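Lettering of chains follows the sequences in order, A, B, ..., and the numbering in each one begins at 1. The structure displayed is predicted, hence computed values, not measured ones.
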Amino acid sequence: TVGVVAVDAEGNVAAGTSTGGTTAKQWGRVGDSPLIGCGTYASNKSCAVSATGTGEFFIRLAVAKEIAALVEHKGVSLQEAVDEVVQTQLTAIDGDGGVIAVAPDGTCAWSFNTSGMYRARIADGEPLVVGIYK
Amino acid sequence: SKWALVAHGGAGVIDRSDLKPEQEQAYRDAMARVAETGAAVLRDGGSAMDAVVAAVRVLEDEPLFNAGRGAVFTAEGRNELDASIMDGRSLDAGAVAGVTRTRNPITLARAVMEQSPHVFLVGEGADGFAQTRDDVAQVEPSYFFTERRWLSLERELKEMGLPIPERPERAGHDDLAALAHDEGKRG
């Protein structure tokens with residue numbers, strides 16, 4: 001699974017996710033990636049989120065919308081929101097994976113509970129950051 | 001506002017011992033290329049939507065990642081792709097699942113959002129909609145084939161005690177995909 005979140009110079013956010021799913025999937029199995037609110041969500045009132053991991057858990061928690069709701073309705077920071085959902089809620093139901101997120105003010109965040117996540121971050125006036133391992 | 005972009009290429013079992021130096025470098029170079037592609041759109045005053053599509057297309061075209069070319073296989077030996085996109089300004093959204101002939105599923109998801117009254121199209125219907133869109137490139141299913149993912153499928157099916165499907169015709173070999181690490185996406 002791959003994904004990108006972005007905020008432009010006008011403060012509009014957007015999120016996109018794309019995947020091949022899981023190896024040897026059967027019976028028309030679909031994970032969270034194409035489900036708005038689970039693998040992908042974006043609102044200028046909160047943030048844009050893209051997720052990756054074992055999709056069934058991200059569907060059950062509606063991960064992307066949960067992160068946006070924490071930011072919009074509880075006023076927590078973007079990093080606190082992604083950590084609460086991934087490190088606490090997702091881990092509590094034995095889910096595995098990660099998310100990336102960006103806010104309308106240009107704040108970036110990511111969180112994952114697996115041993116690695118291919119990730120990159122770039123922003124106006126900031127250097128490119130690329131990561132793989134925890 | 002300050003423009004910014006974050007990208008991921010998948011999460012999973014990715015330990016330092018898993019990746020050979022040339023594999024790690026290939027992944028780092030690819031992620032840098034993805035970020036720079038999106039940043040170029042934003043630097044030019046482009047929209048977040050355009051930046052997301054431009055960057056995701058690079059990830060879909062890159063056989064190292066499980067999306068587009070280099071996607072994993074179903075138990076029947078097919079590539080069935082999913083994608084979604086959402087615009088934070090308007091809360092418009094588009095998504096597809098189980099598509100088999102669209103080179104860049106993120107482009108199709110955006111077409112669903114902008115050129116249909118729906119949010120989510122799946123399977124043959126989504127493939128049929130794609131064929132009516134001039135701006136959504138269609139390819140033969142064998143375009144998505146990579147050797148590394150096929151070998152992962154065979155290994156997985158053996159473990160599941162399921163039959164190995166016929167190897168797709170015109171299935172090419174792809175050295176770059178030989179660098180693809182299987183981060184453990186299991187059916």
Practice task
State whether E60(B) and R69(B) are salt-bridged, where the test is any N-O pair (Lys NZ or Arg NE/NH1/NH2 against Asp/Glu carboxylate O) under 4.0 Å.
Solution key: no

Given heavy-atom pairs under 4.5 angstrom as the criterion, report whether the side chain, backbone, both or neither of [X] touches chain B.
{"X": "V5(A)", "result": "both"}
{"X": "A103(A)", "result": "neither"}
{"X": "A68(A)", "result": "neither"}
{"X": "N12(A)", "result": "both"}
{"X": "W27(A)", "result": "neither"}
{"X": "I36(A)", "result": "side chain"}

Would you mind telling me which of [options] has the largest number of heavy-atom pairs within less than 4.5 Å of chain B?
{"options": "L35(A), T17(A), V13(A)", "value": "T17(A)"}
{"options": "G16(A), S115(A), A14(A)", "value": "S115(A)"}
{"options": "C108(A), G11(A), A51(A), G3(A)", "value": "G3(A)"}
{"options": "S33(A), G31(A), G125(A), G98(A)", "value": "S33(A)"}

[X] versus chain A, heavy atoms under 4.5 Å apart: side chain, backbone, both or neither?
{"X": "L42(B)", "answer": "side chain"}
{"X": "V96(B)", "answer": "backbone"}
{"X": "N79(B)", "answer": "neither"}
{"X": "F73(B)", "answer": "backbone"}
{"X": "R43(B)", "answer": "side chain"}
{"X": "V53(B)", "answer": "neither"}

Practice task
Say whether, by atom type as modelled, one donor and one acceptor occur between the side chain of K2(B) and the main chain of V7(A) under 3.5 angstrom.
Solution key: no

Handout entry: Polar side chain donor-acceptor pair, T107(B) to R110(B), under 3.5 angstrom
Key = no

Interatomic distance, [X] atom [atom1] to [Y] atom [atom2] [nearest 0.5 angstrom]:
{"X": "L108(B)", "Y": "I85(B)", "atom1": "CG", "atom2": "CD1", "result": "11.0 Å"}
{"X": "E24(B)", "Y": "D29(B)", "atom1": "CD", "atom2": "CG", "result": "10.5 Å"}
{"X": "R119(A)", "Y": "M31(B)", "atom1": "CZ", "atom2": "CE", "result": "9.5 Å"}

